[in-house]
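Right, one structure below, let's go through it.
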Amino acid sequence: MKKALSVLTVSAMAVSMLAGCGSSSSAPAASTAAAQETTAAAATTEAAKEETTAAAAATTAANAAAAQDVDLSDKKVGVCIYQFSDNFMTLFRGELQSYLESLGFKPENIEIVDGANDQATQTNQIQNFITSGVDVLIINPVNSSSAATITDMVQQAGIPLVYINREPDKDEEKRWEDNNWDVTYVGCDARQSGTFQGEIIAELPDKGDINGDGKVSYIMIEGDPENIDAQYRTEYSVKALTDAGIKVEELDDQVGNWDQAQAQSLVANSLAQHGKDIEVVFCNNDAMALGAKQAIEAAGETIGKDVYLVGVDALQEACENVKDGSQTGTVFNDHISQSHSAADAAVNYIKGAGNPHYIGCDYVKVTKDNVDDILASLG
Ligand code: BGC
């Protein structure tokens, strides 16, 4: 089981703030001002750090109290994953399993099933969990648009429900609120991940305009378009560029369904058509960025010189590529904090403590500058 990243993020911020302040100290007056600024920044950072640490301690204490109040050793949790072969959901479910065990659930009382990317299969699995009498369900829906049907089934059986990773729409979330149902969603706001992708490009020295023609020519490789993460990342990555005053030109937009092999062949086709005109390849996730990297290298191009490449998730392999420059950047999709929050929410329901209907989490921008911290937190 891994530790959540919040404290680490704050200390990484402290290091970069201090480094930033230190480098501006050439003239004596400037250096005094810089020193004062540094001290103030350090104090603010320290306060933020203490707050974060205190919040983490409070959460741990609350979890421990929750776990003590109620004996979890005979409680059963059913977990539905949309597809086991998804790289990101594999990390998520591994962490969820070990964290649930650390809270006191017995391994034999945690059942995790593979929806095989088929909603009918998953709906059957949910029905089976209801019949077998689980105490709580954690569901990563195959189709978020099926959430209303799923909620109705689970709600009528009187079982609390925690949705993860694929966010149901606002109307559905409003129903939980209006009816005061024990249903919640745990996840991050995908708009933030898209924005971070665009910012990684906008913050490069040439702002993504490798050929200097005054615009960034990009291709977009999308995840499953039914998924709000794919929709928002597609929109907000480009929006971050235009918001920064950068002109853009879309050369291609294809659906790679979160999948490495599909992305590899899509990017190969696109490169065959557009060649060196492509300056940026945006991939909605890292699995697809790994496929894009294979296609780019097979076409004889060098990432970082001929083309930039960004993904989302911070898979270990993608982070290693960021470290050696063969992927420009990624965005950490914090499966550790999301899986822990989902398990904590499940425990709160079992305990009768309730939960807010939306439990969020922050993404983290990942470039060469902080990739070592991220790799360390991935363990
Ligand atoms: C992740 C993808 C994953 C998808 C599954 C997204 O949040 O970034 O890697 O395939 O969730 O729903």
Side-chain angles (χ1 to χ4, degrees), residues 79-96 112-119 122 138-147 150 162-169 185-197 200 220-237 254-264 266 282-293 309-319 321-322 327 329-339 341-342 358-366 374 378:
V79 182
C80 295
I81 300 295
Y82 96 93
Q83 172 160 249
F84 274 10
S85 62
D86 183 289
N87 311 38
F88 175 73
M89 291 314 301
T90 301
L91 292 174
F92 195 122
R93 81 185 139 93
E95 188 59 32
L96 181 62
I112 308 187
V113 294
D114 180 5
N117 204 19
D118 181 61
Q119 189 56 60
Q122 186 176 69
I138 299 178
I139 298 182
N140 166 214
V142 173
N143 296 330
S144 346
S145 57
S146 298
I150 296 172
V162 179
Y163 282 106
I164 51 169
N165 172 256
R166 296 184 155 189
E167 188 175 357
D169 65 21
Y185 172 72
V186 175
C188 309
D189 182 342
R191 283 172 286 205
Q192 187 186 40
S193 52
T195 303
F196 285 168
Q197 285 189 297
I200 289 170
M220 181 69 66
I221 307 295
E222 298 191 30
D224 175 357
E226 215 253 1
N227 189 319
I228 194 78
D229 285 9
Q231 296 163 24
Y232 277 154
R233 288 177 193 164
T234 298
E235 180 184 350
Y236 280 77
S237 51
Q254 299 288 340
V255 172
N257 287 312
W258 304 119
D259 181 75
Q260 176 167 351
Q262 289 186 45
Q264 179 179 1
L266 292 169
F282 283 114
C283 293
N284 282 174
N285 76 348
D286 276 345
M288 298 193 295
L290 294 175
K293 174 179 182 279
L309 172 65
V310 281
V312 175
D313 282 340
L315 297 181
Q316 172 104 14
E317 201 181 338
C319 286
N321 293 340
V322 170
Q327 180 169 327
T330 183
V331 179
F332 182 38
N333 190 1
D334 192 341
H335 62 279
I336 302 168
S337 123
Q338 289 173 72
S339 55
S341 297
Y358 181 93
I359 301 169
C361 130
D362 273 324
Y363 285 99
V364 182
K365 204 187 286 184
V366 184
I374 300 293
L378 295 175

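Order of appearance sets the numbers: ligands from 1, and atoms from 1 within every ligand.
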| note | Close residues (non-hydrogen atom under 4.0 angstrom from ligand 1) work out to Y82, D86, F88, N165, R166, N227, D229, R233, W258, N285, D313, N333

| task | List the steps and the verdict of side chain to side chain donor-acceptor pair (under 3.5 Å) for Q122 and N143. | result | CA-CA 10 Å; Q122 186 176 69; N143 296 330; over 6 Å; no

| request: Kindly assign one of parallel, tilted or perpendicular to the pair F88 and H335, based on the angle between their ring planes and the thresholds 30° and 60°. | output: perpendicular

| Does a side-chain heavy-atom distance below 4.5 Å link D334 with Y363? | no

| task | Kindly indicate, with the supporting measurements, whether the criterion side chain to side chain donor-acceptor pair (under 3.5 Å) is fulfilled by E317 and N87. | result | CA-CA 11 Å; E317 201 181 338; N87 311 38; over 6 Å; no

| Yes or no on side-chain contact (heavy atoms from CB on, under 4.5 Å) for R93 and D86, after CA distance, side-chain angles and deciding distance? | CA-CA 10 Å; R93 81 185 139 93; D86 183 289; over 6 Å; no

| query | If you draw the axis of the six-membered ring of F282, does the NZ or CZ of R233 fall within 45° of it and under 6.0 Å from the ring centre? | reply | no

